[in-house]
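In what follows, a structure is listed as structure tokens, so that the remarks can point back to it.
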Amino acid sequence: MTSTAMRTHLCGQLRPTDVGERVRLCGWVASRREHGEHLAFVDLRDHSGVTQCVVDGSVDVRNEWVLRIEGTVRTRPADKENAEIPTGAVELADCTVEVLNRADPPPFAVDDRTDSDEAVRLKYRYVDMRRPRMQANLRLRARVLGAMRRAMDRQGFAEIETPLLWTPTPEGAREFVVPSRLHRGECYVLPQSPQIAKQLLMVSGFDRYFQIARCLRDEDLRADRQFEFTQLDVEMSFASDVDVQAAVTEAVVDATEAAVGDRPGTVGRITWHEAMDRYGTDKPDLRFGLDLVDLGPVFAGTEVKAFQAGCVKGFGVPGGAALGRNRLDALVDRAKALGAKGLAWFKVAGADGAVVLESPLDKFLSDDERAGLVAGTGTGPGDLILVVADEWRTVCTVLGAVRLELGRIPVGEGERRFCWVTEFPMFDGLDEAGNPVAAHHPFTMPHPDDLALMASDPLQVRSQAYDLVLNGWELGSGSVRIHREDIQRQVFDALGITPEEAELRFGFLLGAFRYGAPPHAGFAVGVDRLVAILCGEENIREVIAFPKTQSGTDPMTGAPKAVAPHALRDLGLQLIPRTD
RNA sequence: GACGCGUUAGCUCAGCGGGAGAGCACCGGAUUGUCGAUCCGGGAGUCACGGGUUCGAAUCCCGUACGCGUCGCCA
């Protein structure tokens, strides 16, 4: 698998068992150490590692030149072994060096010891990817994709491609527009996801579909977001949420094992409401505690104005009493920035059962409240208690952010805790017109127990939408889809979408549904995020071969660029100069 | 669109109101066991760009560009 007509071994392969063999290696010069006319060392590197080659004479080579070296494997002299590298017990002797290609000095060193500015790395991405870190990341990504594909295949899913040139579907993410040459003035768009196409495949009878699909969204970029990203896209007919979750779990667990060697533990389940209540977020990081607790009963009849609110929650921070005033002030500022009126803190002090709290608010507390606060948060001397009072949603969100601030574990450390978050709300607040805003897409099936609330109290309606979360990152989402026209109409009604409007936007899908739509459900896993976490990278650009910068440019190619005037003419387009 | 941080040699960075610096890389020389080899020598700069303050600006102020992070946005 490694030998070719040009080489017999890889540079990281040779061991003492190979001693005596005449071998040929190909690779790049990682370093060269000359000792005069009679001795020189050349470290030859490929993706597998480095081999030291001993040249009896001087060699005219430079870093990153491409060489083929033929030599005989021998054990290194006593005391000259290099324990730092896997090939360190041997070296290549009696070498003949063939220069396959010279190279300019690289713009930065091809190693993991220093990290260049990302713009420079992206400009010379082909050099950057020669570094062990990028080689490891992209090869791990390849193993993840392979394992996912095998897992889906094994479970009987058919891989089907869907169009990249799709039709505009207003709403949702901003779409990349592709002007049509043959139909002047009209456009395709690049798909935000294969969502509608895969639902059509269900109508066609492909009861288990998957695709490793590229999705494109013209929205602002982030550490965990690129214009184009890769999803493991899945849809199943005659199946419910638990079936989809089981199939996807299989794929991500296999992928994790293929990537890092061990299978993650049980994938937990938690409802959206419980996730918000306990962790203050819909994508909880389960690797650490600091669970939020309800302090409502403690302050039920309180005199403390700040705690007279619909919801009072908090949590204890073990050892947190050591936090300095600056740090606490920063936390209070953060809480206020997130919409809380404040963040109350109490340092637990004292001993022998006597509860002593240090806090600006302490003098307003009753003895019962002091005791209840400490008991409720399970804290003791040396710990810190943080409390927020407001309406439930604000309390949870603010405490969730503070919890992360205090407990967050770097992405590359600790265990991997997958978790399904279920029963998301159907709607997410109201828009300017007073209509509820769909939290997922409008084909998401409401929770069967909440159908009666659709007209009367839509914001209380739960949906059959679910997310997969790993260590505080949203890995993907999915739902049971609506396959019945009457329920679809109810949802459109609730969203304020008229039948005419629905026909205009999704007519072809609704039409297809009249020809025998099976019950179906699906999911999509964000592959870039999963791979980033498995690589221990905070940023998905580190697991993408040719990513864009935060402003959507490619420093290597210079894209985006103006196109030639004749290209615009062919499309019937004219540029409007910027006026700002 | 908003806020924050950054931009000094090919790369990583120090310098923060008065001489443009270091390590690595690069070029030349020395060197028979190095492994980020070592030693000697050398070349290398629009201090991102524009404006302002000042006797004097890499340094202080304003603006712009670019990069990164966060918010908005991502049904």
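Order of the sequence lines sets the chain letters (A, B, ...), proteins ahead of strands, with each chain counted from 1.
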Is [X] near enough to [N] that one of its side-chain N or O atoms lies under 4.0 angstrom from OP1 or OP2?
{"X": "A:Asn82", "N": "B:rG33", "answer": "no"}
{"X": "A:Thr553", "N": "B:rC66", "answer": "no"}
{"X": "A:Lys80", "N": "B:rC35", "answer": "no"}
{"X": "A:Arg334", "N": "B:rU70", "answer": "no"}
{"X": "A:Arg541", "N": "B:rG69", "answer": "yes"}
{"X": "A:Arg505", "N": "B:rA75", "answer": "no"}
{"X": "A:Gln192", "N": "B:rC74", "answer": "no"}
{"X": "A:Thr549", "N": "B:rG67", "answer": "yes"}

Quiz item: Quick one: which of A:Gln464, A:His520, A:Glu235, A:Gln488 gives a side-chain hydrogen bond (donor to acceptor under 3.5 Å, both in side chains) with A:Arg481?
Solution: A:Glu235

Quiz item: For A:Leu39 and A:Phe506, take the nucleotide of RNA chain B holding the closest heavy atom to each; which residue's nucleotide lies nearer the 5' end?
Solution: A:Leu39

Exercise. For A:Pro442 and for A:Pro555, find the nucleotide of RNA chain B with the closest heavy atom, then tell me which residue's nucleotide is more 5'.
Key: A:Pro555

Give a yes or no on whether a donor-acceptor pair under 3.5 Å exists between the nucleobase atoms of [N], that is its base, and the side chain of [X].
{"X": "A:Glu37", "N": "B:rU32", "value": "no"}
{"X": "A:Arg225", "N": "B:rC74", "value": "yes"}
{"X": "A:Arg222", "N": "B:rC68", "value": "no"}
{"X": "A:Arg113", "N": "B:rC11", "value": "no"}
{"X": "A:Glu34", "N": "B:rG29", "value": "no"}
{"X": "A:Arg74", "N": "B:rG33", "value": "yes"}

Just how far, in rounded Å, is [atom2] of [N] from [atom1] of [X]?
{"X": "A:Arg32", "N": "B:rA37", "atom1": "CZ", "atom2": "P", "result": "10 Å"}
{"X": "A:Trp65", "N": "B:rC26", "atom1": "CH2", "atom2": "P", "result": "11 Å"}
{"X": "A:His38", "N": "B:rU34", "atom1": "NE2", "atom2": "P", "result": "18 Å"}
{"X": "A:Gln199", "N": "B:rA75", "atom1": "CD", "atom2": "C1'", "result": "13 Å"}
{"X": "A:Leu338", "N": "B:rC71", "atom1": "CG", "atom2": "C1'", "result": "10 Å"}
{"X": "A:Arg45", "N": "B:rG36", "atom1": "CZ", "atom2": "P", "result": "14 Å"}
{"X": "A:Gln195", "N": "B:rA75", "atom1": "CD", "atom2": "P", "result": "11 Å"}

For the side chain of [X], counting heavy atoms from C-beta on, which of [options] is nearest?
{"X": "A:Asn63", "options": "B:rC26, B:rA75, B:rG10", "answer": "B:rC26"}
{"X": "A:Asp220", "options": "B:rU34, B:rC73, B:rC11", "answer": "B:rC73"}
{"X": "A:Arg33", "options": "B:rA75, B:rG28, B:rC35", "answer": "B:rC35"}
{"X": "A:Ser551", "options": "B:rG28, B:rU34, B:rG67", "answer": "B:rG67"}
{"X": "A:Val54", "options": "B:rC68, B:rG33, B:rG10", "answer": "B:rG33"}
{"X": "A:Ser31", "options": "B:rC27, B:rC74, B:rA37", "answer": "B:rA37"}
{"X": "A:Asn539", "options": "B:rU34, B:rG67, B:rG69", "answer": "B:rG69"}

Using the [atom1] atom in both, what is the distance from [N] to [M], to the nearest Å?
{"N": "B:rG6", "M": "B:rG63", "atom1": "P", "result": "16 Å"}
{"N": "B:rG29", "M": "B:rC68", "atom1": "C1'", "result": "43 Å"}
{"N": "B:rC24", "M": "B:rG1", "atom1": "C1'", "result": "42 Å"}
{"N": "B:rC55", "M": "B:rU64", "atom1": "P", "result": "28 Å"}

Return the nucleotide paired to [N]: Watson-Crick means purine N1 to pyrimidine N3 with N6-O4 or O6-N4, wobble means G-U with N1-O2 and O6-N3, both under 3.5 Å.
{"N": "B:rG45", "result": "none"}
{"N": "B:rG33", "result": "none"}
{"N": "B:rG50", "result": "B:rC62"}
{"N": "B:rA9", "result": "none"}
{"N": "B:rC3", "result": "B:rG69"}
{"N": "B:rG28", "result": "B:rC40"}

Show the nearest heavy-atom pair for residues [X] and [Y], with the distance to one decimal.
{"X": "A:Phe513", "Y": "A:Ile482", "answer": "CE2-O, 3.2 Å"}
{"X": "A:Glu34", "Y": "A:Ser58", "answer": "OE1-CB, 3.1 Å"}
{"X": "A:Ile487", "Y": "A:Pro446", "answer": "CG2-CD, 3.9 Å"}

Quiz item: Any salt bridge between A:Lys548 and A:Asp554, counting N to O under 4.0 Å?
Solution: no

Self-check item: Ion pair A:Asp115/A:Arg121, N-O distance below 4.0 Å
Solution: yes

Quiz item: So, A:Phe41 and B:rU34: ring centres less than 5.5 Å apart, planes less than 30° off, yes or no?
Solution: yes

Exercise. Examine distances only and state if a side-chain atom of A:Arg131 and a backbone atom of A:Val110 form a donor-acceptor pair shorter than 3.5 Å.
Key: no

Quiz item: Is it true that A:Phe176 and A:Phe227 have ring centroids separated by less than 6.0 Å?
Solution: yes

Quiz item: Looking at the rings of A:Phe443 and A:His483, which for Trp means the six-membered one, are their centres under 6.0 Å apart?
Solution: no

